[in-house]
Amino acid sequence: AQSVTQLDSQVPVFEEAPVELRCNYSSSVSVYLFWYVQYPNQGLQLLLKYLSGSTLVKGINGFEAEFNKSQTSFHLRKPSVHISDTAEYFCAVSASNNNDMRFGAGTRLTVKP
Amino acid sequence: NAGVTQTPKFQVLKTGQSMTLQCAQDMNHNSMYWYRQDPGMGLRLIYYSASEGTTDKGEVPNGYNVSRLNKREFSLRLESAAPSQTSVYFCASSGPGQGIYNSPLHFGNGTRLTVT
């Protein structure tokens, strides 16, 4: 089955600084990749998804991610973060041959003033 | 439009007790899922239902049972709760169509379960 590794469990940054949250995946078949965000005491919400086509994907709240097949990565970036971006971010992967979406362990982004 | 609704929001059980977590969606989605979230482990799939009338095991099904009651509702049952089942449980749905391979998930707000 496919798997996901989020390389950083916590990322502290100052407001208006750029941020990158790293995600690597493993799969023997073609994949679909997602980033979700979870605010305190809430369920997860979709930030963006890569299904096919352009490897640079833009999502909500100014986030974007780039699919890199050769490096099996799908890193999430934002050029300038806000306090309100403080949340936990999950990378997820599903494969074209099953119904099992696998999640990474999550990265807690903390934006400091 | 409520989306995915889970009940209850909080529950405390003693070891050996049973309970059912309820989930309903109003988006006419075919597929529904139960995940558990534990610190440092992300979300792990317990069971899913690709369509009404079908259910399949996910990554961590032991100790759980599910029922896809109709297209809207998908319940998760703990027959004999154990402390290892202390977790936050999320129900999710996706659609249209069957399967989640290219459909994002819509999540409920979770049920926080403590087993003492």
Side-chain angles (χ1 to χ4, degrees), chain A residues 1-10 21 23-25 27-53 57 59-60 63 65 67 74 87-108, chain B residues 2-7 9-10 21 23 25 27 29-51 54-61 68 74 87-95 97-112:
Chain A
Q2 64 275 21
S3 65
V4 177
T5 302
Q6 290 184 242
L7 299 165
D8 307 290
S9 60
Q10 298 188 59
L21 307 183
C23 171
N24 286 99
Y25 70 90
S27 175
S28 58
V29 298
S30 58
V31 296
Y32 306 93
L33 294 155
F34 305 80
W35 275 98
Y36 288 83
V37 59
Q38 184 181 33
Y39 299 104
N41 299 314
Q42 293 186 26
L44 282 69
Q45 304 170 34
L46 182 69
L47 265 182
L48 50 78
K49 61 185 178 183
Y50 171 78
L51 303 182
S52 64
V57 179
I60 62 171
F63 284 93
F67 172 56
F74 190 56
E88 188 142 24
Y89 293 78
F90 293 92
C91 183
V93 60
S94 62
S96 56
N97 63 348
N98 63 54
N99 289 318
D100 186 351
M101 184 176 286
R102 296 292 177 104
F103 286 79
T107 297
R108 183 170 298 280
Chain B
V4 179
T5 303
Q6 291 182 235
T7 56
K9 288 184 169 53
F10 301 94
L21 281 65
C23 175
Q25 53 92 8
M27 294 173 284
H29 286 165
N30 283 333
S31 303
M32 297 185 74
Y33 312 86
W34 278 104
Y35 285 88
R36 59 178 289 173
Q37 183 179 26
D38 301 292
M41 303 189 75
L43 278 77
R44 292 180 292 169
L45 183 65
I46 304 171
Y47 271 93
Y48 66 96
S49 171
S51 62
T54 69
T55 61
D56 286 285
K57 294 179 180 179
E59 191 180 356
V60 289
R68 183 75 183 267
F74 189 40
S87 188
V88 181
Y89 291 85
F90 286 99
C91 178
S93 69
S94 70
Q98 186 167 331
I100 65 168
Y101 59 90
N102 64 355
S103 298
L105 300 178
H106 298 259
F107 285 85
N109 283 335
T111 295
R112 190 172 295 274

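Computed from heavy atoms alone, side chains included, the values below leave out hydrogens, waters and symmetry copies. Below, chains carry the letters A, B, ... as their sequence lines are ordered, and counting in each starts from 1.
- Of the inter-residue distances, the one linking Tyr36(A) atom OH with Leu105(B) atom CG reads 4.0 Å to the nearest 0.5 angstrom.
- Neither the backbone nor the side chain of Tyr50(A) has a heavy atom closer than 4.5 Å to any heavy atom of chain B.
- With sequence neighbours excluded, no residue forms a side-chain hydrogen bond (donor to acceptor under 3.5 Å, both in side chains) with Ser27(A).
- Considering all non-hydrogen atoms of both residues, Ala105(A) and Gly40(B) come closest at CB-O, 3.4 Å.
- Using a 4.5 Å heavy-atom cutoff, the side chains of Met101(A) and Leu43(B) are not in contact.
- Note on Gln6(A), Glu88(A), Gln38(A): by heavy-atom pairs under 4.5 Å with chain B, the leading option is Gln38(A).
- Only the side chain of Gln37(B) comes within less than 4.5 Å of a heavy atom in chain A; its backbone stays farther off.
- Contact annotation for Arg108(A): neither backbone nor side-chain heavy atoms come within less than 4.5 Å of a heavy atom of chain B.
- For Arg44(B), no part lies under 4.5 angstrom from a heavy atom of chain A.
- Closest of all the heavy-atom pairs between Asn109(B) and Gln42(A) is OD1-CA, 4.0 Å.
- Residue Leu44(A) touches chain B through both its backbone and its side chain, counting heavy-atom pairs closer than 4.5 Å.
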